[in-house]
Amino acid sequence: MELLCNSPLLTDPPLMGIPFHNTYAQLPERFFSKQTPAKAPSPRLLRKNDALAAELGIDHAWFNSPDALETFSGNVVPKGAQPISQAYAGHQFGGFVPQLGDGRAILLGEVIDPHEKHRDIQLKGSGCTAFSRGGDGKSALGPVLREYIVSEAMHALGVPTTRALVAVSTGEIVAREEPTPGGIFTRVAASHVRVGTFQYFAAREDTEALKILTHFCIERHYPEALGGENPALSFLDFVVEAQARLVAKWLPLGFIHGVMNTDNCSISGETIDYGPCAFMDDFHPDCVFSYIDRNARYAWGAQPNIAHWNLTRLAETLLPILDPSVEKAKELAQSALGKYVSAFQAQYLENFLHKLGLDTETDLENGAAFVKSTLGTLANEEVDFTLFFRHLTLHAASDPRADLSVLFKNPASAEHWMKDWQALAKPSNHLDKMKATNPILIPRNHRIEQAIQAAYKDDFAPFNRLVDALAKPHEENPDYSDLEAAPLPHERVENTFCGT
Ligand code: AMP
Ligand code: MG
């Protein structure tokens, strides 16, 4: 390779590092701002995702070359890229902001994956854009590592999510509460179109742009909507279904997104923007970590309603293209939104029944009541959510390590719960489902925090170990058994902060 590169006789075309097939940059100019990433003074590769790069058709030799580091630190715009930052609006904690946009993110371009799906490659933290609104467009290293860990863990847990391609440090110090090393996160997404992208054009009464955007999203995410009588309506149906499916996967993992603003609600149904997100330790439906979520708007148990609220904001933007009659358009939007509750409930229940080793075919009413009462007991008893289901799975497998009662404050409650469960469950029939839905490892907050603190001291071993371990969250691996444990009192993380 080196020989070839240095050879003056080189006749082959240069390596096409990333095979871009951009489409968003071909949309009208009011959809984005052309943007060149800022230069990083002294970039250093922290972690790269070779498997994902291969899936995206990125040349392996190039991905492992110094050119790739220059690209993912923003120093070089690779061949075929059309760097832009995207315009969007959004409701933040319920208040509408008509212009947000990518203030610290630049979309390099898109590639086509083996399923013929376009995927975005975006730099996050690569400097100011037209949408920075007084921010510096940069990212501190902590949020870069956090997003890397959690997004890859979510993928391994089977949750639709944006992915982590590369993490670099820039060699620059960014001004936060205290001066902090900077980093850039390269994110891969099915697209970066959000509910807030639709709101941006709706706020400007730009119906033509809304039609273009809807068509773009249908072609990109829901081509099945094209053939029907009313493609915009089936598009809304598909987004409703995708969000219901997504949130029904979050809750049974104890995941709290933390900042479900409409600008962080992806049209594709992927989890996006891992800022102050967290997985719960002790279960409580009102659990919140985000420091800025003072009113618990985005608590664990509030998420299904918030997703519906966000979808309602999307439906409002679509009214002008659902039907020429306002009344009829509202009726259609209501009927699409009405499907959310049953779609969410059915999948939420099924996922929890799998976790509990209960039948999903018969007696759903009793099953639903039992899920509810189980969650009530877990909350009252301050039981660690992940350990509870882990030990229940061990118990179902007659593994001598199973010890549920120590997780409860009151051992009598554990006994009582166990009797109820035994009356309903047929664990031996459902052990596979229990194992598949009850992970052994989740990215616990205190572990993420420890990995970040070590990285700030230039020790990336805990970060790398965490990412490696979380790639197989359902697998028994004695090397990682320490990562199962709940935090000790002094390790507990009470608050998480935005990824700015
Ligand atoms: P987020 O909380 O990450 O969803 O971001 C909300 C909005 O703030 C988006 O428009 C971001 O681009 C913008 N933003 C966040 N951090 C920065 C930053 N450091 N510089 C400029 N804009 C930012
Ligand atoms: Mg965001």
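In listed order, ligands and their atoms are each counted from 1. One-based numbering along the sequence shown.
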Participant: Which part of Arg133 is near ligand 1, with near meaning a heavy atom under 4.0 Å away: side chain, backbone, both or neither?
Facilitator: side chain
Participant: Check whether NZ of the Lys or CZ of the Arg Arg194 lies under 6.0 Å from the centre of the six-membered ring of Tyr88 and within 45 degrees of that ring's axis.
Facilitator: yes
Participant: Under 4.0 Å from a heavy atom of Asp273: which atoms of ligand 1 are those, numbered in the order shown and with their elements?
Facilitator: 3 (O), 4 (O)
Participant: Quick one: which ligand 1 atoms are inside 4.0 Å of a heavy atom on Gly135?
Facilitator: 20 (N), 21 (C)
Participant: Measure Asn264 to ligand 1 on non-hydrogen atoms and call it side chain, backbone, both or neither using the 4.0 Å cut-off.
Facilitator: side chain
Participant: Charged N to carboxylate O below 4.0 Å: is that the case for Arg163 and Glu270?
Facilitator: no
Participant: Report yes or no: is the cationic atom of Arg204 (NZ for Lys, CZ for Arg) closer than 6.0 Å to the six-membered ring centre of Tyr200, at no more than 45° off its axis?
Facilitator: yes
Participant: My understanding is that only residues two or more places apart in sequence, or in another chain, count here; which of them pass salt bridge (Lys or Arg N to Asp or Glu O under 4.0 Å) with Arg447?
Facilitator: none
Participant: Does any N or O atom in Gly101 lie less than 3.5 angstrom from one in ligand 1, N or O only?
Facilitator: yes
Participant: Could you tell me which residues satisfy salt bridge (Lys or Arg N to Asp or Glu O under 4.0 Å) with Glu116, sequence neighbours excluded, listed by chain and number?
Facilitator: none
Participant: With heavy-atom distances below 4.0 Å as the criterion, list the atoms of ligand 1 near Leu100.
Facilitator: 10 (O)
Participant: Do Gly103 and ligand 1 have an N or O pair less than 3.5 Å apart?
Facilitator: yes
Participant: Is the shortest side-chain N to carboxylate O distance from Arg220 to Glu110 below 4.0 Å?
Facilitator: yes
Participant: What protein N, O or S atoms come within a distance below 2.8 Å of the Mg ion (ligand 2), ordered by chain and number?
Facilitator: Asn264 OD1, Asp273 OD2
Participant: Counting heavy atoms only, which part of Asp136 comes closer than 4.0 Å to ligand 1: side chain, backbone, both or neither?
Facilitator: both
Participant: Pull out every atom of ligand 1 sitting under 4.0 Å from any heavy atom of Gln92, numbered as shown with elements.
Facilitator: 6 (C)
Participant: Pick one: which of His257, Met260, Gln243 meets side chain to side chain contact (heavy atoms under 4.5 Å, CB included) with Cys265?
Facilitator: Gln243
Participant: Kindly check if the number of other-residue, nucleotide or ligand heavy atoms within 6.0 Å of CD (Glu205) is above 12?
Facilitator: no
Participant: Going by the atom numbers of ligand 1, which of them fall below 4.0 Å from some non-hydrogen atom of Arg176?
Facilitator: 19 (N)
Participant: Given the ring of Phe32, does Arg30 sit roughly above its face, with NZ or CZ under 6.0 Å from the centre of the six-membered ring and within 45° of the axis?
Facilitator: no
Participant: Classify the contact between Tyr88 and ligand 1 as side chain, backbone, both or neither, using a heavy-atom distance cut-off of under 4.0 Å.
Facilitator: side chain
Participant: Under the salt bridge (Lys or Arg N to Asp or Glu O under 4.0 Å) test, which residues partner Asp263, sequence neighbours left out?
Facilitator: none
Participant: Tell me whether His446 contacts the main-chain N or O of Glu491 through its side chain, where contact means a donor paired with an acceptor under 3.5 Å.
Facilitator: no
